[in-house]
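Down below is the structure, laid out as structure tokens.
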Protein chains: 2
Amino acid sequence: MLERDETATTSGRVTIRTVAAHAGVSVAAVSKVLRNAYGVSEALRGKVEAAIEALGYRPSRAARGLRGRTFTIGLLLVDIRNPFLPEIIDGVNGILAPSHYRAMIGVSEARIQLETSLIESMIDYKMDGLILIAPRLPSEIIARFAAQIPIVAIGYHDPDAKNFDTVNCNDQRGAAVAVEAFIERGYRKIGMLTLGSREGHRVSVVRQREIGYSEAMQMAGLGEAIDIHSIPVASPVREESLKAFLLRPDRPEAVFCWSDLDAITLLNMAAEMGIRVPEDLAVIGYDNSPTAALSLVNLASIDQSGHALGVLATETLLSRIEGRETHLAHSTAPSLITRRSLGRIAGLETGSRTTQNSSSQ
Amino acid sequence: MLERDETATTSGRVTIRTVAAHAGVSVAAVSKVLRNAYGVSEALRGKVEAAIEALGYRPSRAARGLRGRTFTIGLLLVDIRNPFLPEIIDGVNGILAPSHYRAMIGVSEARIQLETSLIESMIDYKMDGLILIAPRLPSEIIARFAAQIPIVAIGYHDPDAKNFDTVNCNDQRGAAVAVEAFIERGYRKIGMLTLGSREGHRVSVVRQREIGYSEAMQMAGLGEAIDIHSIPVASPVREESLKAFLLRPDRPEAVFCWSDLDAITLLNMAAEMGIRVPEDLAVIGYDNSPTAALSLVNLASIDQSGHALGVLATETLLSRIEGRETHLAHSTAPSLITRRSLGRIAGLETGSRTTQNSSSQ
DNA sequence: CAAAAAATGTAGAACGTTATACATAGAACG
DNA sequence: CGTTCTATGTATAACGTTCTACATTTTTTG
């Protein structure tokens, strides 16, 4: 192993100048090799690669950001507690691992100003593209940013998106799967718990799940029994609203809940109040979170395969970065994981999966 | 609002040159204002700040990385599923929100090569400092990186650390708190579940909790009853080992588990096998994860306040970045959240907290 | 073989900011 | 008032890489 070259900086970092001197070629030649640019002989490539190896050279991502690519994908989260995040991130990292790309995650809150500020920061870092996970931004804001940087949104249903891509589980279908499962087991009074009016727009997964619930009920001739109970976002009125639902004299016999987070809280309260699940109230959640699978919890849930969403979003973003300009909207299929909370059929101690077909636009 | 200035780049981005032209001053003057450097009059500051506001200028973090600071804190995670992560991140973001700093999170795996590669990437981004959360690296590797970039480690007990800082919950004390709680309730056959030999070094939180368990048992005159059951890291032998523990004819009457993750799995299995908790087996976990608090789960747990750890680590790192060179090792106090799994005293349906003092070196 | 075309490697500027040297203006002092 | 000291703002190079123009070498063609 050679000593560090004297063309290293005063801080001791090996730079492209160091490599060029070591290989006896120009700086631009080293850059061409790094970029895999046209006009590099095999002999030159060999010399440069040997020098890079010998010196342990790593390009500065910051410097690259001034002219070329940083090989960075930004992931933007508005809720670090979203239960399907680990799977998405596993999916993303699985695709990026063999490449030069690296994912960097920024955590914001569900407020337009904070989400916007985080996206701006990611642009200032010269990231090559962004994956927004369940963003709460209006479509026009996302479109404005997409004019500056490639963007893919997960968990965001915008049928009019032109300059950014979307990757979603088919949330209407997910809700319909839940309703159908209840009906198949003989339930007719089927309600839905949804999240409050802060999430009012059609792009939101919550709204899509409501639409799916309502349409499935109507298809089944149960339009008169549609019963959507809206819970507020903020604690403690959120928990109070769940309790109020449980205390209703006209409580339905089965309920589809927009997310496992609130479904699990509901199960907890039911247990504390002596309401038997599924005998007094059958429950299906959404997300198939790890907690839902605990046999102490045993919540039936719609699974949307975060891993597949992460994989698909990353592949879609990389193709955007490579120059594709036509819009893509991917839709994956939800599946029902049946567990005890669904009830009405014996032998439901272990989860089992009912699958739908997937589709892309 | 003025039109975008003609000195903007061809990509349309507002740069420091644009601001300088708009304010009628030099580029270096604008830089001095941005850096809050000495030698700026109030009049100049006013002109520059007005131009920045009018043009919506944001410095390029990539360009800043070439000479100054990017105002970026890197958070490195080896396990995105670690239940106390959301609280740590809330703590970090709470401190950074009013500043120019931004946290960027990188997710790795618990393998030396991958963790090392992620740290190198963060250095290549010219991040200003790093917080390593429960790193699995040997001390010498961390120290080598700390010679290049300010580092604070959370959940890493290295009494010999010289050039990086540590912020930990007092894990020995946490284990002792659990043992003492069992003893106070009359349990004498008290075991411990720990994580396998891959985590063999003293810096590891697992090893610290073992030490705390063993010493507390000896202090209580129960040295002969020390019983540490080691479970392997990898599934499915991990779950098999937990089941083997439950099936032991000489199973202890109470068990302290190194982490909520495995404690919850244990509770699940116990429920499936008809082992009553706490009547047949009392359990205390570690981390006070949200799942532990569900009344369907109701696991007593040692709380280490991820939020406080995040706050403390961030403050410590910022002072490192500002130039402090003396080593700091912060230790916060664990507290016991009592719940039903602990047993032996009536009226334990709601969690309550037993607190210890905190200390810093 | 000569001319044309293609491949190769280099020189130099660009990217957007920071840091430093220093010219100059303004303030303080005798 | 002249000299010295301090504060201010500018000019310029540095930071580490990418990109492009183009000189030169090599290959292909007639």
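Remember, it's a predicted structure, so these values are computed and weren't measured experimentally. Numbered from 1 within each chain, the chains take letters A, B, ... in sequence-line order.
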Rounded to the Å, how far apart are B:E42 CD and D:dG9 C1'?
-> 15 Å
Hey, could you give me each pair passing side chain to side chain donor-acceptor pair (under 3.5 Å) that has a residue in residues 68-77 of chain B? Not counting sequence neighbours.
-> A:Y125-B:T72, B:R69-B:Y101, B:R69-B:E322, B:T70-B:T72
With sequence neighbours left out, write down each residue that passes salt bridge (charged side-chain N to carboxylate O under 4.0 Å, His left out) with B:R324, or none if nothing qualifies.
-> B:D165
Rounding to a whole Å, what distance do you find between B:R61:CZ and C:dT18:C1'?
-> 16 Å
The side chain to side chain donor-acceptor pair (under 3.5 Å) partners of B:S31 (sequence neighbours excluded) come to B:R35
Can you sort out the partners of A:A29 under side-chain contact (heavy atoms from CB on, under 4.5 Å), two or more places apart, ordered by chain and number?
-> A:V25, A:S26, A:L44
Touch class at under 4.0 angstrom, heavy-atom based, for B:R35 against every strand present | base
Note down the inter-axis angle between the two ends of the helix from C:dC1-D:dG30 to C:dG30-D:dC1, five pairs each, to the nearest 10°.
-> 30°
Atom pair distance, as rounded to whole Å: CZ in A:R58 and P in D:dG16 = 13 Å
Whole-Å distance between D:dT17 C1' and A:R13 CZ?
-> 11 Å
Show which side-chain atoms of residues 146-156 of chain A pair as donor or acceptor with protein atoms under 3.5 Å away, not counting sequence neighbours.
| residue | atom | partner | partner atom | Å |
| --- | --- | --- | --- | --- |
| A:Y156 | OH | A:L137 | O | 2.6 |
| A:Y156 | OH | A:S139 | N | 3.0 |

So, is B:S60 close to the C:dT17 phosphate, meaning a side-chain N or O under 4.0 Å from OP1 or OP2?
-> no
A:R64 side chain N/O closer than 4.0 Å to the phosphate oxygens (OP1, OP2) of D:dT18?
-> yes
side-chain contact (heavy atoms from CB on, under 4.5 Å) with A:I52: which residues, sequence neighbours excluded?
-> A:V19, A:L34, A:V48, A:Y57
Numerically ordered, the residues 118-130 of chain B set in heavy-atom contact under 4.0 Å with DNA chain D is none
Do the side chains of B:I112 and B:P138 get nearer than 4.5 Å, heavy atoms only?
-> yes
Quick one: which residue pairs count as a salt bridge (Lys or Arg N to Asp or Glu O under 4.0 Å) with a foot in residues 72-82 of chain A, not counting sequence neighbours?
-> A:R81-B:D90
Nucleotide N/O of nucleotides 9-13 of chain C paired with protein N/O under 3.5 Å:
| residue | atom | partner | partner atom | Å |
| --- | --- | --- | --- | --- |
| C:dG9 | OP1 | A:S41 | OG | 2.8 |
| C:dG9 | OP2 | A:S41 | N | 3.0 |
| C:dG9 | OP2 | A:S41 | OG | 3.3 |
| C:dG9 | N7 | A:K32 | NZ | 2.9 |
| C:dT10 | OP2 | A:S26 | N | 2.9 |
| C:dT10 | OP2 | A:S26 | OG | 2.8 |

In chain order, what residues pass the salt bridge (charged side-chain N to carboxylate O under 4.0 Å, His left out) check against B:E120, with sequence neighbours excluded?
-> A:R58
Return the set of residues passing side-chain contact (heavy atoms from CB on, under 4.5 Å) with B:I95 (not counting sequence neighbours), or none when no residue passes.
-> B:V311, B:T314, B:E315, B:L318
Charged N to carboxylate O below 4.0 Å: is that the case for A:R64 and A:D128?
-> no
Take atom CZ of B:R69 and atom P of C:dT18, then tell me their distance rounded to the nearest Å.
-> 12 Å
Winner on side-chain proximity to B:L66, out of D:dT18, D:dC15, C:dT17, is D:dC15
Once you round it to whole Å, what is the distance between C1' of D:dT18 and CZ of A:R17?
-> 16 Å
